Amino acid sequence: IKAGTDLIMPHMKLTPVRLKEALESGFITEEHLDKAVVNILNVMADMPCMKGRRFTDIDGEAGRKAAYEAAAGGMVLLKNEDEALPLAESSFVSFYGDRCKRFIESGVGSGRVHTTKTSSMTERAASIIGEDHILYDCVNDKTQAVIVTVTAHGQEGSDRESIALDADQKALLQKAIADAKSVNAK
């Protein structure tokens with residue numbers, strides 16, 4: 001709160017008891033709390049429902065476009081060694097990791113979104129190069145490229161201690177690299 005955070009969700013780490021202790025010790029002041037409360041109330045007061053308006057017609061296409069742009073902006077190709085991308089339409093590709101088949105479309109906890117609109121790298125690849133050009137979690141002598149998705153799970157109230165991959169994801173990545181090298185794939 002002292003640093004400018006108005007709302008902490010969930011409150012597991014900042015319980016009312018700890019907040020009271022911070023106030024009583026002088027670590028934060030009533031002015032800090034008042035400012036945070038006013039900021040939250042201002043946001044709430046600006047909501048359409050507080051002004052007598054309700055949105056009944058949601059523009060799903062605009063939402064999908066915004067989600068796509070946010071996802072595309074967050075993806076990074078770290079290296080494109082030996083011009084690994086773009087893949088030719090005749091490529092044989094091996095995919096590793098469950099998230100190749102279905103991305104994580106939202107967070108968990110209060111940020112959870114239930115949707116039927118998901119993305120699949122493997123479905124998209126199959127539509128371009130054909131299902132017969134795709135392998136899962138293995139390679140063969142035709143494999144030209146290996147694509148891996150790894151996941152670092154976390155959620156509010158149980159933050160990860162580091163951004164290091166979990167042991168199972170690290171093992172998956174190491175297996176995919178070894179398999180790719182065994183057939184000289186990108």
Side-chain angles (χ1 to χ4, degrees), residues 7 9-10 43 47-48 53-186:
L7 177 66
M9 289 183 59
V43 169
M47 295 172 67
R53 295 186 314 230
R54 300 189 91 176
F55 291 110
T56 57
D57 187 25
I58 297 172
D59 187 346
E61 187 55 39
R64 281 188 286 282
K65 183 179 181 209
Y68 175 85
E69 289 172 1
M75 293 181 187
V76 177
L77 175 64
L78 298 179
K79 293 182 181 180
N80 194 13
E81 291 180 354
D82 302 322
E83 297 182 21
L85 295 175
L87 296 173
E89 290 187 19
S90 60
S91 296
F92 285 82
V93 181
S94 293
F95 287 93
Y96 286 75
D98 291 338
R99 294 300 164 206
C100 288
K101 295 176 183 171
R102 181 175 177 167
F103 288 126
I104 298 173
E105 61 272 351
S106 74
V108 293
S110 64
R112 179 86 177 146
V113 175
H114 298 281
T115 180
T116 58
K117 305 292 184 193
T118 61
S119 299
S120 168
M121 237 190 309
T122 54
E123 286 178 14
R124 182 66 181 129
S127 74
I128 296 169
I129 63 176
E131 185 67 40
D132 59 328
H133 284 227
I134 295 176
L135 292 172
Y136 300 98
D137 298 319
C138 64
V139 295
N140 66 21
D141 59 339
K142 292 181 180 180
T143 300
Q144 297 164 291
V146 171
I147 296 175
V148 185
T149 58
V150 292
T151 308
H153 292 285
Q155 73 180 53
E156 61 190 359
S158 61
D159 293 337
R160 297 177 62 84
E161 292 185 20
S162 79
I163 60 170
L165 292 175
D166 292 335
D168 65 325
Q169 296 297 291
K170 193 178 287 188
L172 170 71
L173 184 57
Q174 290 168 339
K175 178 182 182 337
I177 291 168
D179 287 356
K181 287 181 178 181
S182 75
V183 294
N184 235 6
K186 295 179 182 182

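None of the values given here were measured: they were computed from a predicted structure.
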So which atom in [X] and which in [Y] form the shortest heavy-atom distance, rounded to 0.1 Å?
X	Y	value
Ile147	Met121	CG2-SD, 3.8 Å
Phe92	Lys142	CB-O, 3.2 Å
Ala126	Glu131	CB-OE1, 3.6 Å
Tyr96	Cys100	O-SG, 3.2 Å
Leu172	Asp137	CD1-OD1, 4.4 Å
Ala185	Ala145	CB-N, 3.9 Å

Under a 4.0 Å threshold between the charged nitrogen and the carboxylate oxygen, would Glu69 count as salt-bridged to Lys65? yes
Are the side chains of Glu61 and Arg64 in touch, meaning some heavy atoms are under 4.5 Å apart?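 Side chain of Glu61 against side chain of Arg64, heavy atoms only: contact under 4.5 Å found.
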Does any part of the side chain of Ile129, heavy atoms only, come nearer than 4.5 Å to the side chain of Val93, both counted from C-beta?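 Of all side-chain heavy-atom pairs linking Ile129 with Val93, at least one is under 4.5 Å.
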More than 12 heavy atoms from other groups under 6.0 Å of [atom1] on [X]:
X	atom1	result
Asn184	CG	no
Lys181	NZ	no
Tyr136	OH	yes

Atom pair OG/CG of Ser182 and Asp141 - distance to nearest 0.5 Å: 10.5 Å
OG1/Thr149 to CG/Leu173 distance, rounded to the nearest 0.5 angstrom?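 One finds 10.5 Å between OG1 of Thr149 and CG of Leu173.
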Pick one: which of Asp179, Thr143, Ile134 meets side-chain contact (heavy atoms from CB on, under 4.5 Å) with Ser94?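 When Asp179, Thr143, Ile134 are each tested with Ser94, the side-chain contact (heavy atoms from CB on, under 4.5 Å) holds only for Thr143.
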